[in-house]
Amino acid sequence: MKLPVWIGTSWKMTKTIAEARAYIEHIATAELPAGIQPFVIPAHTSLAAARDALPAESPVLLGAQNAHWGPEGAGTGEVSMRMVGDAGARLVEIGHSERRQHHAETDETVALKARAAVDAGLMPLICVGEPVDVHEAGEAIEFVSSQVRAALGRLSSTEVSGVLIAYEPIWAIGEHGRPATPTEVAPVVSELARVAREVSGGVGCRALLYGGSVDEANAADLLLDANTDGLFVGRAAWTPEGFLRLAAIAAEAAGVP
Ligand code: 13P
């Protein structure tokens, strides 16, 4: 891994405004360890409240779970990149498998959103991951490297170096998921690192994260991999206590005192 170690959570479809505020106030008063880059991705409805609850000096970056690629206008039910930036997002999640599966997100819309995010001054957090049948067929590497190439296809090599990529195998995510083992993650992340270097003129992307049933028991082992720069957590970080414990594990894994 390279420093800082990214440790973040998407709250997915959870938390009212009051719950979001309480969570952010909790982590803002705790002392976050050195060597990590924490991030929190609220639902759109609580993003501005999270921003308002976060002290200006906090290292926590806020993100949005999705935004449209187009300019503002006729897009009922959508929000633009500029709008999520205005509400406090510094990064924007693009192409999470839940959106690819249930909300018609495609490689093409992911690439359009990555382009729009960069144009709006937001850091894209591009999620890729294979379904279980592809995993079992031993074709995960081809599948996710094709997703990443497509996602980065509208960015310049310099812009690619600012992108975050999360490897989240679909079979590992959520309450029915099984966490991938470090042995399963390593070859995929290694190939993603190679692809990112290739399309960025040798620099690589900003950070490569793993996500999918990360918890306090497996976090340290998952961070042993040389190409894994952080963890993208769902359920295990939906409480501020869980988030802080994972942040401490990440800092320890990074060897930061
Ligand atoms: P879980 O950690 O709940 O499996 O979710 C992971 C995820 O999808 C993060 O984006």
Side-chain angles (χ1 to χ4, degrees), residues 5-17 19-24 26-27 36-51 53-54 58-68 78-79 81 83-85 87-103 105 110 113-114 117 122-129 147 151 163-177 179-180 206-216 218-219 222 228-247 250:
V5 181
W6 289 70
I7 184 90
T9 182
S10 163
W11 290 346
K12 303 194 182 185
M13 196 169 67
T14 74
K15 302 201 193 304
T16 61
I17 289 171
E19 289 162 352
R21 198 179 290 128
Y23 182 116
I24 294 293
H26 187 131
I27 62 169
I36 63 162
Q37 175 55 69
F39 65 96
V40 174
I41 307 188
H44 288 149
T45 48
S46 50
L47 181 52
R51 185 261 325 269
L54 200 61
S58 171
V60 176
L61 292 177
L62 294 175
Q65 295 177 20
N66 176 44
H68 198 270
E78 294 287 342
V79 293
M81 295 289 171
M83 289 158 70
V84 296
R90 304 271 304 280
L91 55 93
V92 61
E93 196 179 344
I94 300 172
H96 189 279
S97 61
E98 287 153 16
R99 296 206 57 81
R100 293 186 193 248
Q101 284 179 298
H102 306 302
H103 302 279
E105 194 89 89
V110 168
K113 289 179 181 193
L122 298 170
M123 207 184 302
L125 166 50
I126 294 167
C127 302
V128 297
Q147 284 184 320
V163 166
L164 301 164
I165 298 173
Y167 171 50
E168 302 206 322
I170 298 172
W171 46 270
I173 295 174
E175 59 179 318
H176 303 298
R206 185 186 298 261
L208 263 171
L209 318 183
Y210 167 77
S213 296
V214 171
D215 60 23
E216 291 166 41
N218 60 26
L222 287 161
T228 303
D229 308 312
L231 298 172
F232 189 17
V233 190
R235 292 155 298 147
W238 283 352
T239 63
E241 294 85 357
F243 182 85
L244 292 170
R245 283 194 297 267
L246 284 161

For the pair [X] (side chain) and [Y] (backbone), establish whether a donor and an acceptor sit closer than 3.5 Å, ignoring hydrogens and angles.
X	Y	answer
Asp229	Val5	no
Gln147	Gly129	yes
His44	Asn66	yes
Tyr210	Ala219	no
Thr16	Glu19	yes
Thr9	Val233	yes

First locate atom [atom1] of [X], then atom [atom2] of [Y], and finally report the distance between them rounded to the nearest 0.5 Å.
X	Y	atom1	atom2	answer
Ser97	His103	OG	NE2	10.5 Å
Ile41	Ser46	CD1	OG	12.0 Å
Leu125	Leu61	CG	CG	11.0 Å
Leu208	Ile165	CG	CD1	5.5 Å
Leu244	His26	CG	NE2	5.0 Å

Please examine the side chains of [Y] and [X], heavy atoms only from C-beta on, and report whether any two atoms are closer than 4.5 Å.
X	Y	result
Tyr23	Thr14	no
Leu222	Thr228	no
Leu91	Leu122	no
Phe232	Cys127	yes
Val60	Ile27	yes
Met123	Arg206	yes
His68	Val79	no
Gln65	Leu47	no

Next item on the list: Please check if any side-chain donor atom of His96 sits under 3.5 Å from a side-chain acceptor atom of Glu168, or the reverse.
Entry: yes
Next item on the list: Show your reasoning for whether side chain to side chain contact (heavy atoms under 4.5 Å, CB included) applies to Lys113 and Val92.
Entry: CA-CA 9 Å; Lys113 289 179 181 193; Val92 61; over 6 Å; no
Might you point out which heavy atoms bring [X] and [Y] nearest each other, and give the distance in Å?
X	Y	answer
Leu209	Trp6	CD2-CB, 3.5 Å
Pro42	Gly63	CD-O, 3.2 Å
Ile36	Ala247	CD1-CB, 3.6 Å
Ala67	Val84	CB-CG2, 4.1 Å
Ala151	Ala114	O-CB, 3.7 Å
Trp11	Ala237	NE1-O, 4.4 Å

Next item on the list: Show your reasoning for whether side chain to side chain contact (heavy atoms under 4.5 Å, CB included) applies to Leu54 and Leu62.
Entry: CA-CA 9 Å; Leu54 200 61; Leu62 294 175; 4.0 Å; yes
Next item on the list: Decide, yes or no, whether a salt bridge links Glu93 with Arg99 under the criterion of side-chain N to carboxylate O below 4.0 Å.
Entry: no
Note to self: Is there a side chain to side chain contact (heavy atoms under 4.5 Å, CB included) between Leu246 and Glu216? Walk through the geometry before answering.
What the structure shows: CA-CA 6 Å; Leu246 284 161; Glu216 291 166 41; 4.2 Å; yes
Next item on the list: With sequence neighbours excluded, give me every side chain to side chain donor-acceptor pair (under 3.5 Å) pair touching residues 230-241.
Entry: Ser213-Arg235
Next item on the list: Given side chain to side chain contact (heavy atoms under 4.5 Å, CB included), test Phe243 with Val40 step by step and report yes or no.
Entry: CA-CA 9 Å; Phe243 182 85; Val40 174; 4.1 Å; yes
